[in-house]
Protein chains: 2
Amino acid sequence: MARNIQSLERAAAMLRLLAGGERRLGLSDIASALGLAKATAHGILRTLQHEGFVEQDPDSGRYQLGAELLRLGTTYLDVHELRARALVWTDDLARSGGEAVYLGVLHLRGVLVVHHVFRPDDSRQVLEVGAMQPLHSTALGKVLSAFDPVAHAELVEAERERFTSRTVTGLDDIERALDLTRAQGYATDAEETWEGVAAVAAPIFDRHRMAVGAVGITGAVERVCRDGEPRPELIASVRDTARSVSRDLGAKPF
Amino acid sequence: MARNIQSLERAAAMLRLLAGGERRLGLSDIASALGLAKATAHGILRTLQHEGFVEQDPDSGRYQLGAELLRLGTTYLDVHELRARALVWTDDLARSGGEAVYLGVLHLRGVLVVHHVFRPDDSRQVLEVGAMQPLHSTALGKVLSAFDPVAHAELVEAERERFTSRTVTGLDDIERALDLTRAQGYATDAEETWEGVAAVAAPIFDRHRMAVGAVGITGAVERVCRDGEPRPELIASVRDTARSVSRDLGAKPF
DNA sequence: CGATAGTGTTTAGCATTGTCGAACGGCGGC
DNA sequence: GCCGCCGTTCGACAATGCTAAACACTATCG
């Protein structure tokens with residue numbers, strides 16, 4: 001297997017470092033964090049800055065992410081076929097369910113939110129497109145882990161953080177939940193990630209019968225659940241939406 | 001001036017090519033478009049794919065943008081100081097004005113939308129964060145061109161496309177509009193970019209008195225304008241918002 | 001059905017290219 | 001004014017990534 005290009009890998013590591021850590025980092029911090037000579041790090045940063053992937057604060061000289069990333073990231077959304085097909089159906093789901101709708105795909109060790117429909121009321125909500133959700137505790141993540149072998153492998157390897165008192169972290173318990181998810185065809189999240197928040201999600205398949213994403217509805221546990229279980233009509237709506245998107249992607253209905 | 005890193009420049013060109021052209025491109029297309037040997041292009045693409053910046057369709061083997069760009073792009077939004085300061089004020093502006101609000105900064109040869117508040121009604125709207133607007137025909141663009149010398153230079157160099165019958169493309173006419181913008185402290189766009197759409201925008205300054213962005217309100221010309229001119233109360237609201245954000249950024253009010 | 005023209009991928013060798021360590025100019029603060 | 005640290009530049013070396021040609025593979029077409 002051929003090796004990858006060193007300078008590109010280092011540049012990518014820099015971008016991730018800038019994305020993960022502090023808002024702004026100095027050259028020396030970056031160089032030492034990646035184990036590079038200052039001049040090497042500087043050359044990469046200079047190029048990244050020239051291309052717009054990184055910006056430098058004129059006062060402090062520190063570096064931060066650049067605007068070009070936002071522009072390219074949005075065009076990624078435009079190119080995303082799954083998202084384009086789902087746009088029509090997710091709106092209806094949010095309207096009929098009265099809750100926020102999320103569309104997620106596997107990325108790295110989590111679920112990347114590629115579409116988010118606000119809960120249909122006038123409350124102030126922040127868009128979460130581009131955000132990541134954990135695999136082991138969210139409805140979207142459980143669906144992907146249950147139906148996508150790659151996601152399952154990532155789930156096993158990833159460390160499973162405890163978010164609330166109801167978060168399931170033991171591998172055996174999680175596997176049991178995934179078996180249930182496969183049997184039912186949907187997954188739930190009852191306050192396992194955020195206190196007071198519950199969710200239901202179902203898998204989306206492409207023409208090869210592969211799980212390529214998950215769609216789910218999320219809201220206050222009092223509205224989403226009844227007697228500790230998600231309301232059956234919500235589950236039905238979510239599964240209908242997932243089936244509609246799958247059909248649009250070319251999946252044959254058995 | 002030291003030279004930039006070749007492989008990084010080529011990788012960036014590839015990403016821009018993938019963002020600009022067709023949804024998916026083959027290796028041969030990419031290599032010939034950039035004037036590279038196939039193996040060279042392949043090495044770069046292989047690394048970009050491994051880092052998540054590019055994805056490859058398993059069936060056709062073609063390449064498209066990757067999910068990591070979306071993740072990093074939204075992180076850029078989190079890091080963006082201007083956007084963070086503006087969040088509070090733009091909501092109020094949208095509510096009081098009853099129209100959609102945009103926050104833009106200069107990027108390349110245009111205005112990059114870094115924040116977008118939906119018009120406060122139940123209509124279906126698409127988020128335009130990450131999209132670009134032209135400098136010469138939009139209210140945001142005119143404000144930036146009038147108060148930011150860099151934006152002005154870009155405007156002069158850029159080709160000024162005609163979008164509607166009211167688009168101003170002559171350099172002299174534009175300069176006159178920019179003089180007016182500087183004198184008034186705000187800019188307008190009356191169906192110069194999109195038919196039936198008008199806008200008002202005002203500049204945001206930082207602690208060095210430099211224009212770092214623009215905030216504006218956009219809506220149907222019938223609602224935004226009266227007798228061919230933007231409604232005075234809308235202009236006042238937009239300017240108030242711009243002043244509030246500037247103050248939050250540390251700009252002294254004279 | 002075999003030939004052809006594509007595709008994306010891999011291999012080998014060369015020299016271009018990016019890396020390194022050290023020195024430079026500027027700034028802020030013990 | 002000194003010291004320490006910052007980001008930046010310089011120059012030399014060799015590791016690195018580039019080029020060109022050959023490799024499998026699929027789809028197309030005579």
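Every heavy atom of this structure was used, including side-chain atoms; hydrogens, water molecules and symmetry mates were not.
- Across the helix from dA3(C)-dT28(D) to dA15(C)-dT16(D), the helix axis at one end is tilted relative to the axis at the other end by 0° (nearest 10 degrees, each axis from five pairs).
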Write out a two-atom table: protein N or O, nucleotide N or O from nucleotides 19-27 of chain C, distance below 3.5 Å.
unit_1: dT19(C); atom_1: O5'; unit_2: Arg10(A); atom_2: NH1; d: 3.4
unit_1: dC20(C); atom_1: OP2; unit_2: Thr40(A); atom_2: OG1; d: 2.5

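- At the phosphate of dT9(C), OP1 or OP2 sits under 4.0 Å from a side-chain N or O atom of Tyr63(B).
- Going from atom CD1 of Ile30(B) over to atom P of dT7(C) covers 12 Å, rounded to whole Å.
- In this structure, CD on Glu51(B) lies 11.5 Å from CG on Leu69(B), to the nearest 0.5 angstrom.
- In this structure, the ring-ring contact (aromatic ring centres under 6.0 Å, His included) partners of Tyr102(B), at least two apart in sequence or on a different chain, are His116(B).
- Contact annotation: Ser28(B) side-chain N/O to dG8(C) OP1/OP2 distance is under 4.0 Å.
- Under the side chain to side chain donor-acceptor pair (under 3.5 Å) criterion, His80(A) pairs with Tyr76(A), not counting sequence neighbours.
- Regarding Arg62(B), its CZ atom lies at a distance of 12 Å from the C1' atom of dG8(C), rounded to whole Å.
- With respect to Asp189(B) and Lys142(B), no salt bridge is recorded, no charged nitrogen being found less than 4.0 Å from a carboxylate O.
- For dT19(C) and dA15(C), the C1' atoms lie 16 Å apart once the distance is rounded to whole Å.
- Atom-to-atom, CE of Met14(A) to C1' of dG18(C) comes out at 12 Å; the value is rounded to the nearest Å.
- For Arg182(A), the salt bridge (charged side-chain N to carboxylate O under 4.0 Å, His left out) partners at least two apart in sequence or on another chain are Asp179(A).
- Between His42(B) atom NE2 and dA24(D) atom C1' there is a gap of 13 Å when expressed in whole angstrom units.
- The partner of dC30(C) cannot be assigned: no Watson-Crick or G-U wobble pair with both contacts below 3.5 Å exists in any strand.
- If you measure from atom CG of Asn4(B) to atom P of dT17(C), you get 13 Å, rounded to the nearest angstrom.
- In this entry the distance linking CG of Leu45(B) with P of dC18(D) reads 12 Å, nearest Å.
- Annotation: salt bridge (charged side-chain N to carboxylate O under 4.0 Å, His left out) contacts of Asp248(A) (sequence neighbours excluded): none.
- Gln56(B) has a side-chain polar atom (N or O) that falls below the 4.0 Å cut-off from OP1 or OP2 of dT9(C).
- Scored by the side chain to side chain donor-acceptor pair (under 3.5 Å) test, Gln49(A) finds no partners at all (sequence neighbours excluded).
- Rounded to an integer number of Å, the gap from Leu27(A) CG to dC5(D) C1' is 12 Å.
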Side-chain donor-acceptor pairs under 3.5 Å in residues 37-45 of chain B, sequence neighbours left out?
none

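- Taking atom CG of Asp57(B) as the reference point, atom P of dT7(C) lies 16 Å away to the nearest angstrom.
- Residues passing the side chain to side chain donor-acceptor pair (under 3.5 Å) test with Glu81(A) are Arg85(A), sequence neighbours excluded.
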